[in-house]
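Worksheet: the structure to be examined is printed underneath.
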Amino acid sequence: MLRGKVKKYFKIDGGNSGLTEEFIYHNQPEEIDNGIKVYSGATQLNNMLKKIDKNAKINKKNIKFFYHEGILISRKGKAGKLTYIDDQIYTLNDDAYIMQVRDSFKDKINIKYLLFSVSLLFSPCLQVHLLVL
């Protein structure tokens, strides 16, 4: 059994401030290969934000990208909703956080198991979703 603080085992990062719907629509990828999925705290299959050009900059700063699986933690309106994401590369607006297992613990922690275990502890207060695209 692993013991210790959450930050020992997981990286939790916030999304990009300024990554609004308007910004996304003005920075659509010109080529398919340059498109990066954008997730938000309200992400569901039927209302997912569009893709953004991977070279877009917000106030002259590069956009933070995230790689591979993680648990999206919603903030604001849908605070507390957890969604499993497993994309090669993606980004978030500031309505969400992403929690990912640190590299040194990937062989010891199954993030899907964690997601379902947490949902059993807090259900029905906590909404858990698997976002499979």
Side-chain angles (χ1 to χ4, degrees):
M1 177 175 283
L2 302 172
R3 296 188 186 274
K5 294 184 178 186
V6 170
K7 69 181 181 178
K8 177 179 177 180
Y9 304 104
F10 300 96
K11 299 176 286 186
I12 301 175
D13 292 307
N16 296 279
S17 181
L19 193 52
T20 62
E21 284 187 58
E22 182 179 358
F23 183 86
I24 294 166
Y25 289 119
H26 285 99
N27 289 279
Q28 292 293 291
E30 292 181 21
E31 298 176 19
I32 293 175
D33 294 341
N34 284 347
I36 305 296
K37 290 180 187 174
V38 179
Y39 290 98
S40 76
T43 298
Q44 295 174 3
L45 287 176
N46 59 352
N47 70 348
M48 185 170 192
L49 298 175
K50 291 190 171 222
K51 291 185 177 186
I52 190 166
D53 191 290
K54 68 180 178 183
N55 299 312
K57 295 186 184 299
I58 301 172
N59 297 323
K60 300 181 183 177
K61 292 183 182 178
N62 291 333
I63 294 173
K64 289 189 287 186
F65 297 114
F66 305 96
Y67 302 88
H68 308 296
E69 72 178 353
I71 297 174
L72 183 139
I73 305 168
S74 297
R75 299 178 52 219
K76 301 182 183 176
K78 294 196 178 247
K81 183 181 91 171
L82 303 177
T83 304
Y84 174 78
I85 296 176
D86 189 13
D87 284 328
Q88 289 298 312
I89 183 171
Y90 52 95
T91 190
L92 311 171
N93 70 8
D94 66 349
D95 289 343
Y97 297 104
I98 192 73
M99 182 170 82
Q100 297 176 303
V101 177
R102 292 193 181 275
D103 290 340
S104 55
F105 293 99
K106 286 193 185 243
D107 62 335
K108 294 178 176 67
I109 298 173
N110 181 317
I111 200 161
K112 286 182 188 176
Y113 177 79
L114 173 71
L115 178 69
F116 287 112
S117 297
V118 168
S119 70
L120 293 174
L121 288 172
F122 296 104
S123 187
C125 301
L126 189 64
Q127 297 178 15
V128 176
H129 301 274
L130 287 176
L131 191 61
V132 180
L133 302 175

Worksheet entry | side-chain contact (heavy atoms from CB on, under 4.5 Å) between Lys50 and Tyr25, intermediate numbers included | CA-CA 8 Å; Lys50 291 190 171 222; Tyr25 289 119; 3.1 Å; yes
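Among all heavy-atom pairs drawn from Lys54 and Ile36, the shortest one is CB-CG1, 3.5 Å. Of all heavy-atom pairs between Asp13 and Leu92, the closest is O-CD1, 4.4 Å. Residue Gly41 comes nearest to Ala96 through the heavy atom pair N-CB, 3.8 Å, listed as atom of the first residue, atom of the second, then distance. Nearest approach of Arg102 to Lys11, heavy atoms of both residues: NH1-CG, 3.3 Å.
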For residues 65-73, dump all side-chain donor-acceptor pairs below 3.5 Å to protein atoms at least two apart in sequence or in another chain.
from  : atom 1 : to    : atom 2 : distance (Å)
Glu69 : OE1    : Tyr84 : OH     : 2.5

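The shortest side-chain heavy-atom distance between Val38 and Tyr90 does not fall under the 4.5 Å cut-off. Using a 4.5 Å cut-off on side-chain heavy atoms (C-beta onward), Asn16 and Asn93 make no contact. At a threshold of 4.5 Å between non-hydrogen side-chain atoms, the residues Phe23 and Ile58 count as touching.
With respect to the salt-bridge test (charged N to carboxylate O, under 4.0 angstrom), the residues Asp87 and Lys37 qualify.
Note that CG of Asp53 and CD of Glu30 are 6.5 Å apart. Values are rounded to the nearest 0.5 Å. Put simply, CD1 on Ile98 and OG1 on Thr91 are 10.0 Å apart, with the number rounded to the nearest 0.5 Å.
In this structure Lys5 satisfies the side-chain contact (heavy atoms from CB on, under 4.5 Å) test together with Lys7, sequence neighbours excluded.
Counting heavy-atom neighbours within 6.0 Å of Tyr97 OH, excluding the residue itself, gives a total of 12 or less.
Both Leu115 and Val6 sit in one connected hydrophobic cluster of ILVMFWY residues. Membership requires side-chain heavy atoms under 4.5 Å apart, directly or through other members.
A donor-acceptor distance shorter than 3.5 angstrom exists from the side chain of Asn110 to the backbone of Lys112, with no hydrogens or angles considered.
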